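Below is one structure, written out as structure tokens; the observations come after it.
Every chain is numbered from 1 and lettered A, B, ... according to where its sequence line falls, protein lines coming before strand lines. This one's a predicted model, so the numbers in the text were calculated from it and none came from an experiment.
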Protein chains: 2
Amino acid sequence: MTSTVGLSSLLIEADTTEEGSWAVDRLVPASVGLLSLPTILHALSDPVRLRIVSQLADGSERTCGSLDVPVAKSTCSHHFRVLREAGVVSQRVDGKCRFNRLRSDELEQRFPGLLAAVLRAYESSDPSRA
Amino acid sequence: MTSTVGLSSLLIEADTTEEGSWAVDRLVPASVGLLSLPTILHALSDPVRLRIVSQLADGSERTCGSLDVPVAKSTCSHHFRVLREAGVVSQRVDGKCRFNRLRSDELEQRFPGLLAAVLRAYESSDPSRA
DNA sequence: TCCTCGGTACGACGAGTATCGAACAATAAC
DNA sequence: GTTATTGTTCGATACTCGTCGTACCGAGGA
């Protein structure tokens, strides 16, 4: 796999070689070159996911439960899965928590200005979450 | 309605007052303030629609049939409807033709940089249509 | 008038999606 | 070991979407 860090921390990435592990269907696009624009736009076209992404926009790592989203936790987990599979977010497992972060750098490298424009648009269109 | 031009040309806009006319369900968001970010991102998240938008990016007016899209004409019409209802495109009827144009200015006013970033991302990710 | 042409409407089909509750798994705390 | 916490998975439901063929409509041209 791409990288593992010490202790109980594990970075889940697409180029993992552990076929059969539970992480297999949790893949994230391996390299920035594989990020698909339609897939990313679709991932960002849902209000709940936009809200999630907005709360990750400061670069912080957030757990599923620490987010302010008006859906059941299973639904939240689903949305994170969509974001991960689109390559918008990556997940790091640490103990019993899963820390999610925006893949800002990778997205910026592949699609310069895109995420920033979407986030700016979101902040300007939803004053309650600005 | 917002505006009509002379001759047989008719601009289809949302603030039309013709309840019951055939144009009623072909509405385009009335003002730039009503454009919805999730709706726009959804409209742009389909490969065919991205291709359409890309071909309108030079500011030209194009008819449905003059576009290079690999779908049936009814499907193309459907995609234009989605784009219109999201406010991404507006349509002008002239004779037996419907001319579509990108609402670049309105989008730029409401969500600065968004359309440009998407178009740039598209061109860079799909060399065959660049 | 009849026919063609550009486009839309409609119905159908298969696929995908957003949502939830409940069950499950893994870790941490007791 | 038992319990609590955190998040995923599964099944179910209702809805949406992309696609097509066909039928239809309005405008022009024969």
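For Thr63(B), taking side-chain heavy atoms from C-beta onward, the closest of the listed nucleotides dT6(D), dG18(D), dG6(C) is dG6(C). Listed candidates were dG18(D), dT19(C), dT8(C). Nearest to the side chain of Arg98(B) is dT8(C).
Here Gln91(B) does not reach the OP1 or OP2 of dG7(C): none of its side-chain N or O atoms lies under 4.0 Å away. A close approach under 4.0 Å does occur between a side-chain nitrogen or oxygen of Arg84(A) and OP1 or OP2 of dT8(D). Between Arg62(A) and dG7(D) there is no side-chain polar atom (N or O) within less than 4.0 angstrom of OP1 or OP2. The side chain of Arg49(A) contributes an N or O atom lying less than 4.0 Å from OP1 or OP2 of dA18(C).
Look at CG on Asp94(B): it is 12 Å from C1' on dG6(C), rounded to the nearest Å. Residue Leu83(A) contributes atom CG, which lies 14 Å from atom C1' of dT17(C) at whole-angstrom precision. The distance between atom CD1 of Ile52(A) and atom P of dG7(D), rounded to the nearest whole Å, is 12 Å. Atom CZ in Arg81(A) sits about 22 Å away from atom P in dT6(D), given to the nearest Å. The CZ-C1' distance, from Arg92(A) to dG7(D), rounds to 15 Å in whole Å. Counting to the nearest Å, the P atom of dT8(D) and the CG atom of Leu67(A) are 11 Å from each other. The NZ-P distance, from Lys96(A) to dA29(C), rounds to 6 Å in whole Å. When rounded to the nearest whole Å, the span between CG of Asp46(A) and P of dG16(C) equals 18 Å.
Evaluation of the side-chain contact (heavy atoms from CB on, under 4.5 Å) rule for Glu61(B) yields Arg92(B), Phe99(B), Arg101(B) as partners, not counting sequence neighbours. Legend: residues meeting side-chain contact (heavy atoms from CB on, under 4.5 Å) with Ser60(B), ordered by chain and number and at least two apart, are Asp58(B), Arg62(B). Partners of Pro47(B) according to the side-chain contact (heavy atoms from CB on, under 4.5 Å) rule, which considers only residues two or more places apart in sequence or in another chain, are Pro38(A). By the side-chain contact (heavy atoms from CB on, under 4.5 Å) test, Ala116(B) is found to be paired with no residue, residues two or more places apart in sequence or in another chain being considered.
Take the nearest nucleotide of DNA chain C for Cys97(B) and for His42(A): the residue whose nucleotide is more 5' is Cys97(B).
If you take CG on Leu37(B) and CZ on Arg120(A), they are separated by 11.5 Å, rounding to the nearest 0.5 Å.
For residues 38-50 of chain B, the set of pairs meeting the side chain to side chain donor-acceptor pair (under 3.5 Å) definition, not counting sequence neighbours, comprises Ser36(B)-Thr39(B), Arg49(B)-His79(B).
Sorted by residue number, the members of residues 71-80 of chain B with any non-hydrogen atom under 4.0 Å from DNA chain C read Lys73(B), Ser74(B), Ser77(B).
Under the 4.5 Å side-chain heavy-atom criterion for ILVMFWY residues, a single connected hydrophobic cluster contains both Val69(A) and Val89(A).
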